[in-house]
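Here, residue 1 is the first one in the sequence, and each next residue gets the next number.
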Amino acid sequence: MVHKFSRVVTPWYYGWGLRYIKNGTMYNISGYDGVEIRFQQGKRFRIGTDDPAGLTEAIEKATGLPPSPSET
């Protein structure tokens, strides 16, 4: 279950593609902007996107949760 989510800026050294990051997984196909979803179990999933505002809005509608403050 989703605990919280926020817009993020992914560091360049995380790279692109499917990657394992601290406490989770990242799927990034473009750029540095993205959304990170944190689950109640402590895991996180980061999604890279050219439209972080649109993805944030879609997650907000699906979960009923407001986004957390942006993280870098």
Is it true that a side-chain atom of Arg44 and a backbone atom of Lys22 form a donor plus acceptor pair closer than 3.5 Å?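 Checked: pair present.
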
Hey, does [Y] have a side-chain heavy atom less than 4.5 Å from the side chain of [X]?
{"X": "Arg7", "Y": "Pro67", "value": "no"}
{"X": "Asn28", "Y": "Ile47", "value": "no"}
{"X": "Leu18", "Y": "Thr25", "value": "yes"}
{"X": "Arg38", "Y": "Val2", "value": "no"}
{"X": "Glu36", "Y": "Phe45", "value": "no"}
{"X": "Arg19", "Y": "Tyr27", "value": "no"}

Is it possible for you to say whether Tyr14 and Ile29 belong to one hydrophobic cluster, with membership spreading through side-chain heavy-atom contacts below 4.5 Å?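 In one cluster with Tyr14: Ile29, no.
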
Closest approach of [X] to [Y] (non-hydrogen atoms, all atoms of both residues):
{"X": "Asp50", "Y": "Ser30", "answer": "OD1-OG, 2.7 Å"}
{"X": "Ser6", "Y": "Ser68", "answer": "CB-O, 3.5 Å"}
{"X": "Phe5", "Y": "Thr63", "answer": "CE2-OG1, 3.9 Å"}
{"X": "Glu60", "Y": "Leu65", "answer": "CG-O, 3.1 Å"}

Between Trp16 and Tyr32, does a ring pair (Phe, Tyr, Trp, His ring centres under 6.0 Å) hold up when you go through it step by step? CA-CA 9 Å; Trp16 287 271; Tyr32 302 107; 5.8 Å; yes

Verify side-chain contact (heavy atoms from CB on, under 4.5 Å) between Thr10 and Arg46, making sure each step is shown before the conclusion. CA-CA 9 Å; Thr10 301; Arg46 185 177 286 211; 3.4 Å; yes

Go through the steps for Val35 and Ile59 under the test side-chain contact (heavy atoms from CB on, under 4.5 Å), then give the verdict. CA-CA 9 Å; Val35 175; Ile59 295 169; 3.7 Å; yes

